[in-house]
Amino acid sequence: MSITILGIESSCDDTSASILKDGVIYSNIIASQNVHMDYGGVVPELASRAHQQNIIPVVHQAMQKAGVTADEIDAVAFTRGPGLLGSLMVGTSFAKGFALSKNIPLIEVNHLQAHILAHFIDDLKNKYEHPGFPFLALLVSGGNSQIIVVKDHLEMEVIGETIDDAAGEAFDKCAKVMGLPYPGGPIIDANAKLGNPLAFEFSRPRIQGLNYSFSGLKTSFLYFVRDRIKENPNFIEENRNDLCASLQYTIVEVLMNKLKKAAKETGIKQVAIAGGVSANSGLQNALKDAALKLKWKVFIPQLGYSLDNAAMIAITGYFKYLKGEFIAQDAAPFARMTIK
Ligand code: KG4
């Protein structure tokens, strides 16, 4: 029997819809919101409003591109959390209305789990190599930095996580210190390619076990830049590339040190990265380097499936559909949700 799933993602500032047929992604439409550009971060009220405007056109486009009609959809999978509550409510309400009107099952998806399961996506153009179980996942985004043992599609255990800021947050906040627009992560990445990673040194966290901390690094960066500006008001402009390269080098080193420790302690040598920061070229290079030196098998997601997208919601929904994991119409979204 063929299975067609509509995936809906609206946890932050991207409205996305995707059609999956029998484990293969047929469409993945993403509408990004430019309204936040001037504010240095996502404004929740503006985000939910933009989701309201975008959701119907985005779903229509996803169905059109996939050549699927609403009557052919067997289930709707939606992001239940974590995320901005107002944003999540738009996707949740749409998914519930759609499922009710077509009398089809509703599937809740944990956004974090979905970032990891993006590694199981195949699309019409490509069949990718998928990790085997168990594997280690480094989940790094604007709100999360976690090391997870993935035992099966729907069985995951967090063995390390940040005790304060996320890695993406550190990129974005330090970018703000340098006067760069939001989100600063990709801009730091681009500038870092032109700079010297050893030009400046910032304090590294000393946290026991497999946990992370990035708030000290952010403060150290802020104080460093502030002190240098006192001596030279043009310090940022004159040193932007070196600042970006040194900051990125430090964040990547912190991330990789704990990941190597986790691989050593668990004996797992298959390692995947997931979440928005997995697009970072420094992190990707460090992972490839570890693959050579430590004989890891590494998995780096395709760009279209690493940032927030509905294809990862649809593939997670597919695995849940196969297990009959549906939820009732009274389901409400959660701003906070963890991987169990
Ligand atoms: O997963 P994501 O799209 O959204 C959530 O946080 O759920 O991740 C967004 C984060 C932002 O902090 C952004 O700056 C960061 O991912 N990011 C990057 C890069 N691309 C996106 N950080 C560093 N280098 C990049 N190339």
Side-chain angles (χ1 to χ4, degrees), residues 7-18 28-59 61 78-97 109-112 114-115 139-145 162 164-191 214-215 218-219 221-222 225 236 244 247 251 275-280 303-304 306-310 312-313 332-338:
I8 303 285
E9 155 66 25
S10 74
S11 65
C12 190
D13 60 342
D14 293 303
T15 319
S16 182
S18 169
N28 181 37
I29 306 295
I30 304 171
S32 301
Q33 305 176 357
N34 296 327
V35 283
H36 311 288
M37 284 266 187
D38 296 337
Y39 298 92
V42 176
V43 183
E45 290 287 310
L46 295 180
S48 18
R49 192 167 188 281
H51 282 305
Q52 283 282 12
Q53 291 171 320
N54 294 341
I55 189 109
I56 301 270
V58 162
V59 170
Q61 237 181 297
F78 70 98
T79 305
R80 191 175 186 182
L84 301 170
L85 202 61
S87 291
L88 290 164
M89 280 170 91
V90 178
T92 305
S93 302
F94 177 88
K96 285 161 81 169
V109 170
N110 179 327
H111 181 88
L112 305 177
H115 266 304
L139 176 60
V140 269
S141 68
N144 278 85
S145 300
T162 182
D164 42 53
D165 290 352
E169 213 175 338
F171 271 110
D172 295 340
K173 286 181 176 167
C174 292
K176 204 171 171 182
V177 170
M178 290 185 277
L180 299 173
Y182 175 86
I187 305 169
I188 289 183
D189 192 359
N191 289 340
F214 286 102
S215 71
K218 173 193 67 190
T219 312
F221 185 82
L222 175 70
V225 171
I236 294 180
C244 289
L247 175 70
I251 294 176
V277 181
S278 68
N280 184 267
L303 189 61
S306 68
L307 302 176
D308 286 351
N309 69 90
M312 67 185 197
I313 306 303
F334 295 118
R336 289 177 181 273
M337 226 173 153
T338 53

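Because only heavy atoms are used, hydrogens play no part in the values below, and waters and symmetry mates are left out as well, while side chains stay in. Remember, it's a predicted structure, so these values are computed and weren't measured experimentally.
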How long is the straight-line distance from [atom2] of [Y] back to [atom1] of [X], given to the nearest 0.5 Å?
X      : Y      : atom1 : atom2 : value
Asn28  : Met312 : CG    : CE    : 9.5 Å
Ile313 : His115 : CD1   : NE2   : 8.0 Å
Asp308 : Cys12  : CG    : SG    : 6.5 Å
Met178 : Phe221 : CE    : CZ    : 4.0 Å
Ile56  : Gln61  : CD1   : CD    : 13.0 Å
Asp189 : Leu247 : CG    : CG    : 11.0 Å

Check whether any side-chain heavy atom of [X] lies under 4.5 Å from a side-chain heavy atom of [Y], and answer yes or no.
X      : Y      : result
Ser93  : Lys96  : no
Cys174 : Leu222 : no
Asn191 : Leu180 : yes
Phe334 : Leu88  : no
Ile187 : Pro181 : yes
Leu307 : Asp14  : no
Asp165 : Lys218 : yes
Ile8   : Ile55  : yes

Does [Y] offer a backbone N or O that forms a donor-acceptor pair with the side chain of [X] under 3.5 Å?
X      : Y      : answer
Asn144 : Ala166 : no
Ser10  : Ser87  : yes
Asp172 : Gly185 : yes
Ser16  : Asn309 : no
Thr162 : Ser145 : no

If you look at every heavy atom in [X] and [Y], which pair is closest and at what distance?
X      : Y      : result
Thr219 : Ser215 : OG1-O, 2.9 Å
Pro333 : Met89  : CG-CG, 3.6 Å
Ala175 : Gly184 : CB-CA, 3.4 Å
Asn110 : Thr338 : ND2-O, 2.9 Å
Gly7   : Ala310 : O-CB, 3.5 Å
Asp164 : Phe214 : OD1-N, 2.8 Å

Single hit among Met337, Arg80, Glu9 for side chain to side chain contact (heavy atoms under 4.5 Å, CB included) with His111: Glu9
